[in-house]
Amino acid sequence: MAYSLDLRERVIEFVESGGGVTKAARLFKVGRATIYKWLNRDDLRPTKVKRRQRKLDWDALRQAVEAKPDAKLSDYAVQFGVRVSAIHYALKEMKITRKKRR
């Protein structure tokens, strides 16, 4: 869970008003490295990450599943050079399920 914006602002204000980073870390129970990162940022609001750039191209995987719907997850994993769990996760997120019956 991200730290609140209010806490971030109070920590930065404390450090900029002459308090030390180590003292602020102890006082607010925040890691020193976190405080240094906050000092180097322009905007203190937490960043939202929807989906990170991954090794696996989801569009290419979708096309591969449409071309060969009966292939195993391990076949897709070899084709794309990733682990089976990555294929499973991607298909689950794309809401592509395997057919149980024909």
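Counting begins at 1 with the first residue of the sequence. Only this structure's heavy atoms are used, side chains among them; waters, hydrogens and symmetry mates stay out.
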(request) Check ring pair (Phe, Tyr, Trp, His ring centres under 6.0 Å) between Tyr3 and all other residues, then give those that pass, not counting sequence neighbours. (result) Trp38
(message) Distance check, rounded to the nearest 0.5 Å: Ile35 atom CD1 versus Arg8 atom CZ?
(response) 12.0 Å
Do any side-chain atoms of residues 42-49 form donor-acceptor pairs under 3.5 angstrom with protein atoms, and if so which ones, sequence neighbours left out?
residue, atom, partner, partner atom, Å
Asp43, OD1, Arg45, N, 3.3
Asp43, OD1, Arg45, NE, 3.3
Asp43, OD2, Arg45, NE, 3.0
Asp43, OD2, Arg45, NH2, 2.9

(request) Begin from the C-alpha positions of Met94 and Val65 and carry the test side-chain contact (heavy atoms from CB on, under 4.5 Å) through to its verdict. (result) CA-CA 11 Å; Met94 290 189 286; Val65 170; over 6 Å; no
(message) With a 4.5 Å cut-off on side-chain heavy atoms, are Leu91 and Leu73 touching?
(response) yes
Which pairs of donor and acceptor atoms, one on a side chain in residues 76-83, lie under 3.5 Å apart (sequence neighbours left out)?
residue, atom, partner, partner atom, Å
Tyr76, OH, Lys68, O, 2.3

(request) List for me each residue that meets side-chain contact (heavy atoms from CB on, under 4.5 Å) alongside Glu93, sequence neighbours excluded, and say none if there are none. (result) Trp58, Tyr89
(request) Heavy atoms only: give me the nearest Ala86-Leu56 pair and the separation to one decimal. (result) O-CD2, 3.8 Å
Distance-only donor-acceptor pairs under 3.5 Å for side chains of residues 10-32, two or more places apart:
residue, atom, partner, partner atom, Å
Arg10, NE, Asp6, OD2, 3.2
Ser17, OG, Glu13, O, 3.1
Ser17, OG, Phe14, O, 2.9

(request) Using modelled atom types only, decide if a donor and an acceptor are shared between the side chain of Asp75 and the backbone of Lys72 within a distance under 3.5 Å. (result) yes
